[in-house]
Trainee: 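Here it is, the structure, as structure tokens.
Not measured: the values here are computed from a predicted model. In what follows, chains are A, B, ... by sequence order, proteins preceding strands, each numbered from 1.
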Amino acid sequence: MADDGAARQLDKEILSPKPGIQSPAEGGGDFQPRIVGFLCNWCSYAGADLAGVTRLKMPPSMVAIRVMCSSRVDPLFVLKAFLAGADGVLVAGCHPGDCHYQTGNYYTRRRFALTLKVLEELGLEANRVRLSWVSASEGGRFAEVVTEFTETIRKAGPNPAKTEVFL
Amino acid sequence: MAKIGLYLCECGPNIADAIDLDRVAAEIEKDGKVAGIERHKLFCSADGKKFLAESIKKNGFERFVIAACSPKQHEGTFAEVASDVGLNPQMFQLVNIREQCAWTVPDKEQATGKALRFIRAAVTRVQYHQALEQKEIDCNPDVFVIGGGIAGIEVALRTAHKGRKVFLAEKGELGGMLKERGLLFPAMEPAGDFLGPRIDALRNNPQIELFENCKVKEVLGFFGSFVALLETQEGKEIELKAGSVVLATGAQAFNPKELAEYGYGKLDGVYTADEIEKRGVGKLLTESAKPVKSVAVIHCVGRDKLGYCSKMCCVNSMKIARQIREQSAETEVVELYRDLCLPGKGYDRFYKETEAKGVKFARFESVEVTGGDSGLTVKYKQPGGTGAELAVDMVVLSTGLAANPSNPELADMLSISVDESGFFVEEHAVLNPVSTMTEGVFIAGCARGPGDTRDTIVQASATAGKVLSSLVPGKRLQLETRTSEVSEKLCVGCGTCVTVCAYGATTLDESRHIAVVNEVLCRGCGNCASACPSGAAKHRHFTTRQLNQEVTEILK
């Protein structure tokens, strides 16, 4: 893939956890983050199923919404989820080069970069959204992503959009 | 509001033990959004499906939600039940409370909470489901095979045998790599004995139309209705129509010219295994200017450059080595190998037989061939680092297989991919090894990666089976129902959806200045719906409204 180098760089930038804004809820033990996960049907949803089939334990924080391709995830869905009170939003699709629809995930990646910019403008921490590539055979990776992301959100605390009006 | 039924599947103990279904039922009933809730031990069983169908009919439910397993497993099963009771198959939502809830959340309380969020979202979503029409098109059962090697020949014969009309295009002569092979592993039968009758059968089969010395210029269309454009050597164009396309483009021997250490093309007496097979071992030995007293066969030529082991070259070189020994008992033959690849039936025995014929084996780490007045010298480093030298009269380079260079162009035409080595990528390397990401496009033989004749025949038979079972004459093809549509009223004709579509399904209607979707080509990814700046493109069954409702309900 010609843009692989650039893509990796972008992945790194997007996926590396950024220091979240400390919220009053931090340290509160019973905060159960609410995370919406948009999973593509062919890779990530199948990976999530595999995590279940292999009985991998993970926090109950993430509820999946199945889309056929991660490219169906309009940045507005992510914003809508935050407006509706999500503490975190996960978008997961096939690995670059493996999209069931050939190039859908490249669009997802670009749109995700755009979504980050919008969130920045709105003052919402960038680590509340995560883009991950999870294949149908990566049940373990899926469980890791959910566990890690839940931890990140737990540290970031509840979505400030619930109390601070900026959206 | 439509009358909605909720069905809770216990899935034996799988769900019933992990989730408090009584509480789920009680809470959903309290919400007051469903008209009835029923439970069953196993809805996907014959008994369960019957129970479901009768319950839907008895209660007059117009839509239903079934909380059970992954839609990847049983969405089709319950869509059938919906159809059977006269509902549109889109009028239900399958909630995955098994794989993504019962099996991953060990705490029953937490699992029940998660299941409730999932089910509530589905109860809300299903209210926004819209009936979709199952469209069908006539299918063309004819087969278009690209490549006239043994893979293509085998697919053509097998599909023609079942009465299919077959078009076979070959850019050169029929026979592919096999026509240059001498004897075949493992029984050492002449390849010609096997290939010749097949080519004759191909030529004499009235169901098969051959296009030799023809290049494929273009392939348009889709599963059930492809249109291919061929070009003859004289520049004449031929158009043909078929329902499926088989890529049997084969491979080619790696050319060792680019690797200086073998002296190929510069030193007399250095041959590739292919050249030897083509000319015949006996001929080479007798026609040589001076008697061939010693031969070194060097394995793994090109393996590092190609980036993979070609699997067939080890036995191929042994075949040559033993033929030399058989025809000239005084000739010493040494096989210099890095690793011996001898997987599967008959291989190891073949190796032992070769050894028994007096062929010597020596392992090397690196090798160099140099020439002098007295003959060729093969210097090699043994494992452990010590150097060794062989003075020989002839060197045979056992080369690997490289992908056909025309693969990327064909892949582009058919919207599939080639891997980093140039071989076609399968739909799934394990589960669907002869189909591709484009429905109706299949692969056979070395077009998908190096292999031997036996592998090729196995794949060609599998491909023929796939072709025959997917395109049955008279059968109508069911199209994807969850496709995209563009609202004529909202579309401003910007063409964004046209640029993002990987299938050419969206095009601009120049006269009306709006985008239109070809439902036959649309695969239903929904990319255009996300890209559309004016909200005109809609992804059926995954509409913005449906998804937003689902999201909002999950977060309540």
Trainee: For chain A, which candidate among R117(B), Q110(B), M437(B) shows the most heavy-atom pairs at distances under 4.5 Å?
Mentor: R117(B)
Trainee: So for T112(B), is it side chain, backbone, both, or neither that comes closer than 4.5 Å to the heavy atoms of chain A?
Mentor: neither
Trainee: Check each atom of R523(B) against the heavy atoms of chain A and say whether the ones under 4.5 Å are side chain, backbone, both or neither.
Mentor: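 When you check distances to chain A, atoms from both the backbone and side chain of R523(B) fall under 4.5 Å.
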Trainee: When you look at S135(A) and S137(A), which way does the side chain to side chain donor-acceptor pair (under 3.5 Å) test go after all the steps?
Mentor: CA-CA 5 Å; S135(A) 81; S137(A) 59; 3.1 Å; yes
Trainee: In terms of heavy-atom pairs under 4.5 Å, which option from A102(B), C528(B), C532(B), A531(B) contacts chain A the most?
Mentor: A531(B)
Trainee: Contact part of Y107(A) toward chain B, heavy-atom cut-off under 4.5 Å: side chain, backbone, both or neither?
Mentor: side chain
Trainee: With a 4.5 angstrom heavy-atom cut-off, which part of F142(A) approaches chain B: side chain, backbone, both or neither?
Mentor: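 For F142(A), neither part sits under 4.5 Å from chain B.
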Trainee: Using side-chain heavy atoms (C-beta onward) and a distance below 4.5 Å, is T544(B) in contact with F77(A)?
Mentor: yes
Trainee: Is it the backbone or the side chain of V146(A) that comes under 4.5 Å from a heavy atom of chain B, or both, or neither?
Mentor: neither
Trainee: Using heavy-atom distances under 4.5 Å, tell me whether E553(B) contacts chain A through its side chain, its backbone, both, or neither.
Mentor: neither
Trainee: What part of T54(A) is in contact with chain B, defined as an atom under 4.5 angstrom from a non-hydrogen atom: side chain, backbone, both or neither?
Mentor: neither
Trainee: Under a 4.5 Å heavy-atom cut-off, does chain A meet the side chain of R98(B), its backbone, both or neither?
Mentor: neither
Trainee: For A136(A), is it the side chain, the backbone, both, or neither that has a heavy atom closer than 4.5 Å to a heavy atom of chain B?
Mentor: neither
Trainee: Check each atom of D419(B) against the heavy atoms of chain A and say whether the ones under 4.5 Å are side chain, backbone, both or neither.
Mentor: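 Interface part for D419(B): neither.
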Trainee: Are there over 12 heavy-atom neighbours, none belonging to E439(B), within less than 6.0 Å of that residue's CD?
Mentor: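 No, the 6.0 Å shell around CD holds no more than 12 heavy atoms from other groups.
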Trainee: Heavy-atom distance under 4.5 Å to chain B: side chain of R66(A), backbone, both or neither?
Mentor: both
Trainee: Tell me the ring pair (Phe, Tyr, Trp, His ring centres under 6.0 Å) pairs involving residues 417-439 of chain B, sequence neighbours left out?
Mentor: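 Non-adjacent pairs meeting ring pair (Phe, Tyr, Trp, His ring centres under 6.0 Å): Y308(B)-F423(B).
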Trainee: Return yes when atom NZ of K117(A) has more than 12 non-hydrogen atoms of other residues, nucleotides or ligands closer than 6.0 Å, and no otherwise.
Mentor: no
Trainee: Please flag which part of V67(A) lies under 4.5 Å from any non-hydrogen atom of chain B: side chain, backbone, both or neither.
Mentor: both
Trainee: So which part of T552(B) gets closer than 4.5 Å to some heavy atom of chain A, the side chain, the backbone, both or neither?
Mentor: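 For T552(B), the contact with chain A is made by backbone and side chain together.
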